[in-house]
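Below: one structure, written as structure tokens.
Below, each value reflects all heavy atoms present in this structure, side chains not excepted, and no hydrogens, waters or symmetry copies. Start at 1 with the first residue, then count along the sequence. Everything numeric here is computed off the predicted structure, so don't read it as measured data.
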Amino acid sequence: MAGKENLDHLLFYVNGKKIEEKNVDPETMLLSYLREKLRLTGTKYGCGGGGCGACTVMVSRYQLRTKTITHISANACLLPVCQLHGAAVTTVEGIGNTKTRIHPVQERIAKAHGSQCGFCTPGMVMSMYTLLRNKPQPTMEDITEALGGNLCRCTGYRPIIDGYKTFCGAPDCCQINGKRKDHMNGDKSEGLPELFDKEDLLSLDPTQELIFPPDLIMMAESAAVQRTQTFTGERITWVSPVSLEELLKLKASHPSAPIVIGNTKIGLDIKFKGVLHPMIISPTRVTELCEVTRTPQGVCVGAGSSLSAVRALMEELVQELPHEQTEVFRALLQQLKNLAGQQIRNVASLGGNIVSAYPNSDLNPVLAAGRCSLHVISERGEREIILNKDFFVGFAKTTLKPDEVVLSIFIPVSKQGEFVRAFRQAPRKENALATVTTGMRVKFFKGTSKVEDLSIYYGGVGPCTVEATKTCQEVVGRSWNEETLSHAYRLLLDEIALPPSAPGGKVEFRRSLTLSFLFKFNLEMRKQLQEMDVTLDDIVGEVSSAVCPLPRELQPSRQEFQEVSLRQPDQDPVGRPIMHRSAISHATGEAVYCDDIPKSQGELFLTVVTSTRAHAKIIKIDFSEALKLPGVVDVVTAKDIPGQNSRTFVGIKEELLAEEEVTCVGQMVCAVAADTQQHAKRGAAAVKITYEDLPDRVFTVEEAIEKKSFFKPQRTIERGCVTEAFGKADQVYEGQVRLGGQEHFYMETQSMLVVPSGEEKEMKVYLSTQYPAFAQESIAETLGIPSNRVSCHIKRMGGAFGGKITKTAILASITAVAAWKTGQAVRCILERGDDMLITGARHPVLGKYKVGFMNDGRIIAADVQYYANAGNTGDESILIIEKILLHLDNAYNVPNLRGQSTACKTNLPSNTAFRGFGVPQCVLVTENMMTDVAMVLGRTTEEIREINMYKGVSTTHYKQEFDPENLLRCWEECKEKSCYQSRRNTIAQFNQGSRWKKRGVAIVPIKFGIAFAEGFLNQAAALVHIYTDGSVLVSHGGTEMGQGIHTKMQQVVSRELGVPTSLIYIIETSTTTVPNASPSAASFGTDANGMAVKDACETLRRRLDPVVQANPNGTWESWIKKAFFQKISLSATGFYRGHDLCMNWERNEGQPFAYFTYGVCFCEVEVDCLTGDYRNIKTNIVVDIGQSINPSIDIGQIEGAFIQGMGLYTMEELKFSPSGVLYTRGPSQYKIPAVCDLPLSFNIYLLPGSTNPNAIYSSKGIGEPVLTLGSSVFFAIKDAVAAARKEAGLSGPFSLDSPATPERTCMACATPFTQMIPARKPGSYQPWAINV
């Protein structure tokens, strides 16, 4: 090979620093290289598969051909270091920091309150930074597209967009916090306070950016250095040729070696599927693979061209060529806009996308329908391959010979009378693999509607891209009319058949989509024919609603909150929208998370080994082969635990490591400690466990009910006489609704580091947990040592949402055993797939109800049963089913009410706490019952809600008295802000004139109880030190997970001590400074810890009062120095006893909550009945949070909770196989809301004039309540579906389970196409996934 003397040599730059590497391992990705080798930890690990954007960096290269420098955003987790020769990498640390200067991109996301937990922030920053390097004045579309590959679980995206749209060049683009900059009428919403001031922002100066290294330009210009590179690692050899000739020789010599350009396919196979390729060929420097040649017949695109480059080319061609020639280009362009995220499109190649032959490929159906062809080359010669059904021969298989290389793809121009269209449906609007995708092309005889040629290709309905050959043959030669197309639908139904057990499930939906897409194509072609003045011989009714896209333009948003009193001192920050105290550090990458802590000498990495069986006896654990592997140090099993191998939570024991029996797939059996993460992972894969399957596996709620597989106790509550009341009701209705589980998807996976001190059994534990005291206790019991030998330290978490309590303690305990056994520091960071498999999720719930009501809408009786799928251990399930019952009334006064709640024991991973703690499930059931009553009576659900709402001082079904005045105020204000009745009327008119798109509306209330029903958990403590320079150090028992508790504590201290926040520092949460702290949960963290901090400050003020009185004109610093010399203690503990809350389940009464947070949400959606896709047109939320301590943080919590709730009720699906295996183990299979799911108009209103004597500074807890209001999107969709069903002649209550995914929504709409799909007989087949 050429250049053999220069093997294994890499030269690239990182943040302007020259890097030279030799012998780099091909399996080393840029992410691990940055974090471990260069100690640049701002780039985060979120998923490892390019699906979340947390690891986004900018990669710049000099293009020799054009003499230009290109900048792209890329996922560092998929970018091999081997590919970086000649590149300049910029990370978040390279654009700005707090030591020198921060960059405007970093400042704006921070000041706009677009960072909460901060874990996703560096990725957001780098995506936006790259956009600005390419386009300093972007449009709103540019911004949303640039951020489309970045996920955030905290903010709800609105503040990120608001911060970054200040970069827009368009004069009408910037709109901040209700102040719309309207140059036509000058309306500036006078008098509204702003969350941030856009005038107080650093300006963007492109001339100040880091220059591209001249060395790299010189290197690129010098042909002498263009030599083949070979890198050999432990398992893989990586060869990067520079000429086409050498590429062909390599492929001839190593025909099984894959060709890697973007590493978005092979990289994932190696990482997640365990595929091993001894050799990889990476021809990124072979220029022929990126050449573009235009001819009158079409364009020849190099197979190595990135999808972003192809998109840019298509846009260029569409602009330059006559419209009639660009049909294929425009169809490809449409697909490319939605295919993956920007970071993936920037590196993934067109050729790679084609030959990967994914069954649900977006591009292959369009390329095949568009008569495209491949230019294939090998040492044996060249040939042209037509892209058609014969090219795709099976799952990920094509007719390419092993030694052949795709050189280019020819895309022809379209001819007169020829039309091409592309359609797709995916679980999320953007950055999601398609459920079904299609490319369709038709050519008409000149001047007629007679079909000369027709091609229809589908993806997602078979093992590969398929053609509807028979259907096309039947249509060719006929006129394009309803008779022909009706015949085509029936043919298509027979031709594109899916077995009921087909991989991927959704069989009826996928089959209906094939018909719906053909129908859309039919209508579009009719429109084209009419534009060509071709007379059509039939009329099909209203068609525009089928072919018009859903609205997508973001509208100005409002965030209204009360301004602080003019009498409040300027220095007092309480009530002001103060930026999150760590926001700037988040944005610069300087914020330290658990895995950012530097590695110590000899540190080991731990990977857990999990069960592959749902219910089995463990016969043998054989780890002999694992111990032989390089780097593997030891294996930890249950026998190595010196103390207890179990933890008890709510009276139910859970094993740390399974010893004799496993009860779910994903249960932890043992763990492998090695010198690196990769070695530990390979060691874990080498552990062999022999099982003996056990009978009576239980997966679903129905199976648990049948087998009476429950955790005890079951809970029941009743008021009034329900049975008697049913007899008095005018009508009685029975119904049910099911709500699926929800993955926490905190951006930072479970993370911990255990460091043995080597002295007196002391262990220092750094971890990401909401409950450090529980982790401390768990580790101590596991090791058989006192708790005072274990110190737990938590700086911050990258999100938690309830998922970092029980399982975190167990994982930390196992990690501690490894540290104990080896005597070394041990780090355990779960990969995303393992995290999702092991740690559980929100409980799926089946709710059944019987409701009695009068004809005027009054509900007089309800009997509700809840069955929660708890999984294989009790965890917090009993507490959750109790909270479900305590909220079963939601906002309604039902005089005769009975509820029963059961935690079902199944052979699935144990479910656990999740934001809302059972209330989101409960509210859905209650509100669905309201909807059913309304449908039976033929009234709007809002009328039924209003009739039955609590009014006047009331008593709950557990006899707690409260005043619902603010609930009713929220209801009326939300209706008024939303122009509810006017919108109802407008929507009715819209639906009447729109056959295939329907709008729906819902307005939903919430009454959410705050604090722990277990009274002892409401206590809190704090420690405050004042140093002699006047600076203040605060430690409290709350943990920072993005909810801003540290920021609020800073505000409390500032008010109480009368000092600026700049003097106050909140140190890590630690069991050494505040012992026995309660978990940061139940929306009570600020309430409890704020009071404890306040108590400590009051103690200090009392001590300082004599000093201040002696010198009232002194400064804070002078008072502190004086106090010190007078031997006055400048350190104080604070304590808050908390509310004495309890619930007596035997007597069905108690006071389990300190108070209630109220809220109401209005939501309007538009639904595409043919695909089930929807768009959230408008969301207005009015919330009573008392007097906000920090409006920016509270509004951020409201928005983030709502979007998370919207995900729960409309998008997020956990899928399990019939054998209990979790399918959805990462962002490629599990879709959380992205930027594209942001409501087009998203408005938050904090209820003015509210007070709350039960919490600090009259505030209210807000972390959880609004999540339940995400159900308003569900019920708005249901309202739209009801309108669609009306078109089909259907009325009355109907079933729509949660989440209201496009599949469920479409099938519920009962269009003619869904009704054509034959129903499957239950029990006649094994489904791909089960409904747990």
*Quick one: pull up CG in L1104 and SG in C1097 and give me the separation to the nearest 0.5 Å.*
10.5 Å

*How far does NZ of K1094 sit from CG of N1089, to the nearest 0.5 angstrom?*
14.5 Å

Contacts under 3.5 angstrom, residues 1021-1028 side chains, donor-acceptor by atom type, not counting sequence neighbours:
from: H1025; atom 1: ND1; to: S1131; atom 2: OG; distance (Å): 2.8

*Should the pair R108 and Y164 be classed as cation-pi, given the thresholds of under 6.0 Å to the six-membered ring centre and 45° from the axis?*
no

*Check whether any side-chain heavy atom of F1153 lies under 4.5 Å from a side-chain heavy atom of H887, and answer yes or no.*
yes

_Looking only at the side chains, is there a donor atom on one of Q571 and S1054 sitting less than 3.5 Å from an acceptor on the other?_
no

*asked:* Would the distance check show the side chain of D1184 and the main-chain N or O of L1247 forming a donor-acceptor pair, the cut-off being under 3.5 Å?
replied: no

*Hey, what do you get for OH (Y1155) to CD1 (I1010), rounding to the nearest 0.5 Å?*
5.0 Å

*Decide if atom NZ of K1122 counts as having more than 12 heavy atoms of other residues, nucleotides or ligands within a radius under 6.0 Å.*
no

*With under 30° as parallel and over 60° as perpendicular, where do the rings of F1202 and F1242 fit, or are they tilted in between?*
tilted

*Give, for atom CZ of R101 and atom CD of E107, the distance between the pair rounded to the nearest 0.5 Å.*
11.0 Å

*Can you tell me if E1264 and S1083 form a side-chain donor-acceptor pair at under 3.5 Å?*
yes

*Please round to the nearest 0.5 Å and tell me the distance separating atom CG of D1194 and atom NZ of K1260.*
12.5 Å

_Could you check whether atom CZ of R1101 has more than 12 heavy atoms from other residues, nucleotides or ligands sitting under 6.0 Å from it?_
yes

*Answer yes or no: is there a side-chain heavy-atom contact under 4.5 Å between K165 and C168?*
yes

*With salt bridge (Lys or Arg N to Asp or Glu O under 4.0 Å) as the test, would you mind laying out the steps for R796 and E748 before giving the verdict?*
CA-CA 10 Å; R796 59 173 57 83; E748 175 203 34; over 6 Å; no

*asked:* Just so I know, are the side chains of I102 and I584 near enough to count as touching, which here means a heavy-atom distance under 4.5 Å?
replied: yes

*Indicate the atoms forming the closest heavy-atom contact of M1049 with I1066, along with that distance.*
CB-CD1, 4.2 Å

*Assess the side chains of E590 and T588: does a donor N or O sit below 3.5 Å from an acceptor N or O?*
yes

*Show the numbers, then the answer: is there a side chain to side chain contact (heavy atoms under 4.5 Å, CB included) between N1243 and T1179?*
CA-CA 6 Å; N1243 307 302; T1179 292; over 6 Å; no

*asked:* On a heavy-atom basis, which atom in I1006 and which in P1265 lie closest, and how many Å separate them?
replied: CG1-O, 4.1 Å

*Step by step, work out the side chain to side chain contact (heavy atoms under 4.5 Å, CB included) result for L147 and I161.*
CA-CA 9 Å; L147 299 178; I161 297 294; 4.1 Å; yes

*Please round to the nearest 0.5 Å and tell me the distance separating atom CD of E194 and atom CD of E563.*
10.0 Å

*Do K111 and D200 meet the salt-bridge criterion of a basic N to acidic O distance under 4.0 Å?*
yes

*Counting distance only, does the side-chain N/O of S1259 pair as donor-acceptor with the main-chain N or O of A1255 below 3.5 Å?*
no

*Would you say the side-chain atoms of Q116 pair up with the backbone N or O of A583, donor to acceptor, closer than 3.5 Å?*
no

_Quick check against the 3.5 Å criterion: does Q562 have a side-chain atom that pairs as donor or acceptor with the backbone of P1248?_
no

_Over all atoms of both residues, closest heavy-atom pair of H586 and A591_ = CD2-CB, 3.6 Å

_Can a donor-acceptor pair be found, under 3.5 Å and without considering hydrogens, that links the side chain of T1157 to the backbone of I1262?_
no

_Quick one, T1115 with S1118, criterion side-chain hydrogen bond (donor to acceptor under 3.5 Å, both in side chains). Give me CA distance, side-chain angles, the key distance, then yes/no._
CA-CA 5 Å; T1115 63; S1118 68; 3.3 Å; yes

_Is a donor from one side chain sitting under 3.5 angstrom from an acceptor on the other, for S1250 and N966?_
yes

*If you count the non-hydrogen atoms of other residues, nucleotides and ligands that lie under 6.0 Å from CD in E976, is the total more than 12?*
no

*Do I109 and M128 come close enough that some side-chain heavy atom pair is under 4.5 Å?*
no

*Under the 3.5 angstrom rule, does the side chain of Q1043 hit a backbone N or O of M1041 as a donor-acceptor pair?*
yes

*Excluding sequence neighbours, so at least two apart, what forms ring pair (Phe, Tyr, Trp, His ring centres under 6.0 Å) with Y1245?*
none

*Between Q1051 and Y1257, does a side chain to side chain contact (heavy atoms under 4.5 Å, CB included) hold up when you go through it step by step?*
CA-CA 11 Å; Q1051 290 174 274; Y1257 302 148; over 6 Å; no

_Could you tell me if the side chain of P193 sits less than 4.5 Å from the side chain of F561, heavy atoms only?_
yes

*asked:* Can you list everything that forms a ring pair (Phe, Tyr, Trp, His ring centres under 6.0 Å) with H1036? Sequence neighbours excluded, please.
replied: H1046

*Are the side chains of E1040 and H580 in touch, meaning some heavy atoms are under 4.5 Å apart?*
yes

*State, to 0.1 Å, how close P772 and I794 come at their nearest heavy-atom pair, and which atoms those are.*
CB-CD1, 3.3 Å

*Less than 4.5 Å apart, any side-chain heavy atom of N1018 and any of S1078?*
no

*Within 45° of the axis and under 6.0 Å from the centre of the six-membered ring of Y1065, does NZ or CZ of R581 qualify?*
yes

*asked:* Less than 6.0 angstrom from the centroid, inside 45 degrees of the normal: does K975 satisfy that with respect to the ring of F1162?
replied: no

*Could you give me the CA-CA distance, side-chain angles and deciding distance for T769 and K804, then say whether side-chain hydrogen bond (donor to acceptor under 3.5 Å, both in side chains) is met?*
CA-CA 5 Å; T769 182; K804 292 183 176 177; over 6 Å; no

*Would you please indicate yes or no on a ring centroid separation below 6.0 angstrom for Y950 and F962?*
yes

*Please report the shortest heavy-atom distance between T1039 and I1045, naming the atom on each side.*
O-CG2, 3.6 Å

*For I1244 and E1199, run side chain to side chain contact (heavy atoms under 4.5 Å, CB included): C-alpha distance rounded to whole Å, both residues' side-chain angles, the deciding distance at 0.1 Å, then the answer.*
CA-CA 8 Å; I1244 309 298; E1199 292 169 332; 3.7 Å; yes

*asked:* Taking V1266's backbone N and O only, do any of them form a donor-acceptor pair with T1268's side chain (distance below 3.5 Å, no angle check)?
replied: no

*Above 12 or not: heavy atoms from other molecules or residues under 6.0 Å from CG of D570?*
no

*For the rings on F1008 and F1156, is their centre-to-centre separation under 6.0 Å?*
no

_Strictly distance-based, threshold 3.5 Å: is any side-chain N or O of S1272 a donor or acceptor partner for the main-chain N or O of V1004?_
no

*Do K951 and E965 come close enough that some side-chain heavy atom pair is under 4.5 Å?*
no

*Side chains of Q1151 and E961: do they bring a donor and an acceptor to under 3.5 Å?*
no

*Has the side chain of S1188 got a donor or acceptor atom that lies under 3.5 Å from a matching backbone atom of G575?*
no

*asked:* Tell me if a side-chain donor or acceptor on E972 pairs with a main-chain N or O of R969 at a distance below 3.5 Å.
replied: no

*Locate the shortest heavy-atom distance separating S557 from R158; write the atom from each residue and the value.*
OG-CD, 3.6 Å

